[in-house]
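Written out below as structure tokens is the structure these notes cover.
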There are 2 protein chains.
Amino acid sequence: MTTIYDVAERAGVSPATVSRVFNGTSVSAEKVAAVRKAAADLNFTPNRTARSLRTQSSEVIALVIPDIENPYFTEMARGVEDVASEAGYSVVLCNSDSQTEKEATYLQIAIAEHMSGVIIATASETTSLDSILSTGRPVVAVDRATRYDVDGVVIANRAAGIAATESLIEAGYRRIAYIGGPEDIDTAADRAAGWRAALAAAETQTDIGALQRFATFRVDGARAAMEELLALPEPPDAVVAGNNLIGVGAIQVLTERGLTPPQIGVAVVGSLPFTTLSPTAVTMVRLPARHMGVTAARMLLERIGGDAQPARTVVLRGDVQHASAVRV
Amino acid sequence: MTTIYDVAERAGVSPATVSRVFNGTSVSAEKVAAVRKAAADLNFTPNRTARSLRTQSSEVIALVIPDIENPYFTEMARGVEDVASEAGYSVVLCNSDSQTEKEATYLQIAIAEHMSGVIIATASETTSLDSILSTGRPVVAVDRATRYDVDGVVIANRAAGIAATESLIEAGYRRIAYIGGPEDIDTAADRAAGWRAALAAAETQTDIGALQRFATFRVDGARAAMEELLALPEPPDAVVAGNNLIGVGAIQVLTERGLTPPQIGVAVVGSLPFTTLSPTAVTMVRLPARHMGVTAARMLLERIGGDAQPARTVVLRGDVQHASAVRV
DNA sequence: TTGAAAGCGCTAACAT
DNA sequence: ATGTTAGCGCTTTCAA
């Protein structure tokens with residue numbers, strides 16, 4: 001491994017000058033040239049570990065998400081990454097798998113590795129940010145709000161739930177069920193609240209309780225919930241899916257039974273990027289995942305840069321894409 | 001930030017002893033207890049950067065993939081992560097976005113950060129592993145073979161192409177097209193070769209050239225290719241998709257035209273995890289992505305542990321799930 | 001088993 | 001503008 005001392009010797013300067021060349025402080029043009037040449041000759045790369053130990057910082061940010069296999073989060077990750085790498089930061093993607101312990105481990109690593117900041121979609125309400133915050137590192141919450149006073153970027157979940165439901169009501173459906181994520185995740189609870197509010201406003205449907213299901217945010221849970229709903233004495237004629245994977249699970253079950261939309265109405269809070277359905281068969285409230293990542297990364301970078309204004313929360317709205325079909 | 005010196009002072013031992021406690025070398029039971037207590041009191045976490053600078057290593061491995069938004073690669077990432085975290089390693093996920101320069105940057109970072117090893121699905125044939133290999137770090141190639149003499153885990157791509165095609169032939173289709181990824185990616189070329197071989201063996205189809213398309217490994221490219229094929233004077237009655245996203249794109253176009261499988265035969269090399277199709281409508285040659293990640297991670301860990309046997313390549317086979325329907 | 005001390009590669013005072 | 005030097009927090013000889 002070549003060090004700045006090797007480069008310094010070859011270029012006939014001091015190690016400090018080599019360091020300066022690589023950090024952009026004032027060095028005479030001729031020495032800059034000599035150092036660059038020597039560095040190139042020796043195939044020198046600065047040792048980030050040493051740099052990081054010395055400066056107590058590193059150009060790395062951690063992105064902690066609950067499910068790396070969910071396209072919603074990977075799209076968000078792309079947004080984060082694009083902004084970060086533009087600014088010279090690398091992104092370490094950590095998959096908490098919705099487990100608080102794994103999440104805590106990654107947060108510890110972020111501290112121990114001197115990472116500059118953290119963007120996190122928390123695994124649950126109980127997530128503790130105490131130790132990371134006590135180090136003074138900036139944290140931005142994405143997708144899910146936290147009980148801490150930190151920057152956040154969230155979705156207007158209640159509005160999204162309302163929009164999805166209203167789209168079905170307008171299309172003529174009259175018994176609209178809801179399948180959402182775990183009730184203790186705020187995003188899931190808010191979307192469910194939106195569904196309830198829309199139904200209440202429409203005054204068309206009374207037995208709301210019977211048509212509400214909380215599953216996991218995964219395909220399997222949604223499948224089971226959909227089966228349950230269809231087995232009801234009075235099954236629904238439409239369903240609102242609380243996120244993209246729930247939408248997939250619900251539609252899978254429906255399709256297997258020959259009930260392809262719009263035979264039964266489907267509205268999804270989220271996008272179906274890999275759907276093979278006709279694009280107009282279901283209503284999607286598309287969530288700006290990438291934009292969310294971009295916004296969060298920008299906020300984090302500002303904080304890393306020393307910005308100390310009070311914590312802000314940015315609320316992003318979904319974009320309704322109505323199914324063109326109506327109830328048949 | 002608390003250091004081993006703080007802990008040492010509080011426990012009444014030397015810093016070296018504290019270090020030993022955290023690294024499992026012989027220390028008397030009473031001192032171990034004292035150190036642990038002091039560490040807990042002070043909420044001490046060893047500084048990985050310092051450790052890494054001193055030992056010239058770190059318990060981090062890099063996983064470089066060309067498309068983080070492709071479920072195939074995220075499933076693979078899960079496999080890698082599960083094995084790695086079990087062994088006390090963390091995984092840094094790097095998205096090269098199929099760009100050789102981005103890939104090179106991440107490889108540089110892996111070196112500069114003293115990461116223990118790299119698992120990489122290369123962006124292209126031209127990927128250079130020279131500098132990472134010259135540092136002596138182990139590299140395992142996944143999904144795509146390289147021109148270097150390193151460990152690898154790949155799919156039996158030609159066999160997968162043959163299996164997909166044969167499934168369609170057996171179902172009675174007679175004009176089977178192929179849409180694959182870029183011809184210069186070996187996986188794409190091999191799958192195409194499998195398709196050609198299966199058709200040649202069946203002797204049912206002659207104008208192979210007209211029915212072959214190379215797109216990107218993305219949804220959009222596949223859509224365009226599918227449109228082209230349908231616009232042919234003599235359009236195909238079936239299509240083999242070279243990967244999961246190509247399958248999605250092709251099926252989307254077909255569905256939009258009311259040509260849902262099995263009206264037209266579809267076989268995909270890969271899985272459709274978020275499909276909303278009836279599960280028996282298309283043939284899938286399911287690829288063991290997670291297993292691939294697991295295998296690669298195990299191999300890398302062995303190398304990190306000092307294993308110096310000659311480079312091995314593990315070939316994994318896809319698992320055919322035939323569409324239950326036949327040509328209609 | 002334990003401690004003292006050197007040094008991993010770099011940056012940032014401080015001095016020139 | 002440039003060089004000298006003292007650490008950043010840790011591990012690891014070497015001695016005791």
Side-chain angles (χ1 to χ4, degrees), chain A residues 1-36 38-39 42-60 88 108-116 135-137, chain B residues 1-36 38-39 42-60 88 108-116 135-137:
Chain A
M1 161 139 297
T2 49
T3 73
I4 52 171
Y5 289 90
D6 304 324
V7 176
E9 190 176 349
R10 187 169 232 267
V13 300
S14 77
T17 299
V18 177
S19 172
R20 288 184 185 114
V21 168
F22 281 90
N23 290 286
T25 29
S26 50
V27 177
S28 72
E30 50 197 319
K31 302 224 167 184
V32 169
V35 168
R36 293 221 179 282
L42 297 171
N43 195 18
F44 168 76
T45 320
N47 182 322
R48 287 184 176 227
T49 305
R51 178 170 203 291
S52 170
L53 177 61
R54 177 62 229 238
T55 62
Q56 303 284 23
S57 74
S58 75
E59 271 75 59
V60 177
Q108 267 323 112
I109 292 179
I111 296 173
E113 299 267 15
H114 292 304
M115 295 183 192
S116 301
T135 67
R137 283 184 178 67
Chain B
M1 162 140 295
T2 47
T3 73
I4 51 172
Y5 289 89
D6 304 323
V7 176
E9 190 176 348
R10 188 168 231 270
V13 300
S14 76
T17 300
V18 177
S19 172
R20 289 184 185 113
V21 169
F22 281 90
N23 290 286
T25 29
S26 49
V27 177
S28 72
E30 50 197 318
K31 301 225 169 186
V32 170
V35 168
R36 293 221 179 282
L42 297 171
N43 195 17
F44 167 76
T45 319
N47 182 321
R48 288 184 176 225
T49 306
R51 179 170 201 292
S52 168
L53 176 61
R54 177 61 230 241
T55 62
Q56 304 283 20
S57 74
S58 75
E59 272 76 59
V60 178
Q108 265 327 109
I109 291 179
I111 296 172
E113 299 266 17
H114 292 304
M115 295 183 191
S116 300
T135 68
R137 283 184 178 68

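So you know, we letter chains A, B, ... as the sequences are listed, proteins then strands, and number each from 1.
In this structure, B:Ile4 atom CD1 and C:dG7 atom C1' are separated by 13 Å, rounded to whole Å. In this structure, B:Leu42 atom CG and D:dG9 atom P are separated by 14 Å, rounded to whole Å. If you take CE of B:Met1 and C1' of D:dG7, they are 16 Å apart, rounded to a whole angstrom. Distance CG (A:Asp6) to P (C:dG9): 9 Å, rounded to an integer number of Å. In this structure, the OH atom of B:Tyr5 is 11 Å from the P atom of C:dA6, given to the nearest Å.
When distances are taken from the side chain of A:Lys31 to each of D:dT2, D:dT11, D:dC10, the shortest belongs to D:dT2. Comparing atom distances between the A:Ser28 side chain and each of D:dA1, C:dA6, D:dT4 picks out D:dA1 as nearest. Of the candidate nucleotides C:dT11, D:dC8, D:dT11, D:dC8 has the atom lying nearest to any side-chain atom of A:Leu53. Considering only side-chain atoms of A:Arg51, the nucleotide from C:dT11, C:dG9, D:dT2 that sits closest is C:dT11. Listed nucleotides: C:dC10, C:dG9, D:dT12. Nearest to the side chain of A:Phe44: C:dC10. Candidate nucleotides C:dG3, C:dT11, D:dC10 were compared by shortest atom distance to the side chain of A:Arg54, and C:dT11 ranks first. Distances were taken from every side-chain heavy atom of A:Asn47 (C-beta onward) to each of D:dT11, C:dC10, C:dG3; the shortest belongs to C:dC10.
Among all heavy-atom pairs drawn from B:Val32 and B:Val21, the shortest one is CA-CG2, 4.1 Å.
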Next on the checklist: One pair to check against side chain to side chain contact (heavy atoms under 4.5 Å, CB included): B:Ile4 and B:Phe44. What are the steps and the verdict?
Outcome noted: CA-CA 8 Å; B:Ile4 51 172; B:Phe44 167 76; 3.6 Å; yes
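Residue whose closest nucleotide on DNA chain C sits further toward the 5' end, between B:Gly12 and B:Ala50: B:Gly12. Residue whose closest nucleotide on DNA chain C sits further toward the 5' end, between B:His114 and B:Ala29: B:Ala29.
With sequence neighbours excluded, the residues forming a salt bridge (Lys or Arg N to Asp or Glu O under 4.0 Å) with B:Arg51 are B:Glu59, listed by chain and number.
Of the residues in residues 15-27 of chain A, those placing a heavy atom less than 4.0 Å from an atom of DNA chain C are A:Ala16, A:Ser19, A:Arg20, A:Asn23, in numerical order.
A distance-only check finds a donor-acceptor pair linking the side chain of A:Ser58 to the backbone of A:His114 [under 3.5 Å]. Looking only at distances, a side-chain donor or acceptor of A:Arg137 sits under 3.5 Å from a matching main-chain atom of A:Met115.
For the pair A:Asn47/A:Met1, a side-chain contact is recorded, criterion being any heavy-atom separation below 4.5 Å from C-beta on.
In terms of phosphate contacts, A:Ser14 brings a side-chain nitrogen or oxygen within less than 4.0 Å of OP1 or OP2 of D:dG3. One finds a side-chain N or O of B:Gln56 lying less than 4.0 angstrom from the OP1 or OP2 phosphate oxygen of C:dG9.
Counted by atom type alone, B:Ser14 and B:Thr17 present one or more donor-acceptor pairs between their side chains at under 3.5 Å.
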